[in-house]
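Before any comments, here is the structure.
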Amino acid sequence: MLILLSVCLLASPSTCKEERIDWSFEDASYLSCVVHAQGVLAQWQAAHPLWHVTRWRCVARRHAPTDL
């Protein structure tokens with residue numbers, strides 16, 4: 001599973017980008033990803049304090065867009 005994020009700079013909210021977090025359990029269900037994503041997102045946010053997560057979603061690796 002992948003967690004796809006839209007993130008924006010706190011100092012410049014119009015500066016945004018897309019990020020991917022590779023959640024290593026490919027056979028995990030969508031619901032399992034959603035439940036565990038909050039902890040993963042909290043870790044990402046702590047490691048990237050200049051950025052703010054505006055939205056996110058779980059997606060199976062095989063269905064992930066090639067361009068974010």
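- Rounded to the nearest 0.5 angstrom, L10 CG and W51 CH2 are separated by 9.5 Å.
- Linking ILVMFWY side-chain heavy atoms closer than 4.5 Å, directly or via other members, places L31 and L41 in two distinct hydrophobic clusters.
- For residues 29-51, no residue pair satisfies the salt bridge (Lys or Arg N to Asp or Glu O under 4.0 Å) rule, not counting sequence neighbours.
- The hydrophobic clustering, which links ILVMFWY residues whose side-chain heavy atoms are closer than 4.5 Å, places Y30 and V35 apart.
- In this view, V53 and L5, V7, W44, Q45, W56 satisfy the side chain to side chain contact (heavy atoms under 4.5 Å, CB included) rule, not counting sequence neighbours.
- From I3, atom CD1 reaches atom CD of Q38 across 10.0 Å, with rounding to the nearest 0.5 Å.
- Partners of C8 according to the side chain to side chain contact (heavy atoms under 4.5 Å, CB included) rule, which considers only residues two or more places apart in sequence or in another chain, are C16, T54.
- The pair E18-R20 fails the salt-bridge criterion, with no side-chain N (NZ, NE, NH1 or NH2) lying under 4.0 Å from an Asp/Glu carboxylate O.
- Residue C33 comes nearest to M1 through the heavy atom pair CB-CE, 3.8 Å, listed as atom of the first residue, atom of the second, then distance.
- Note that CG of L4 and CD of E19 are 10.5 Å apart. Values are rounded to the nearest 0.5 Å.
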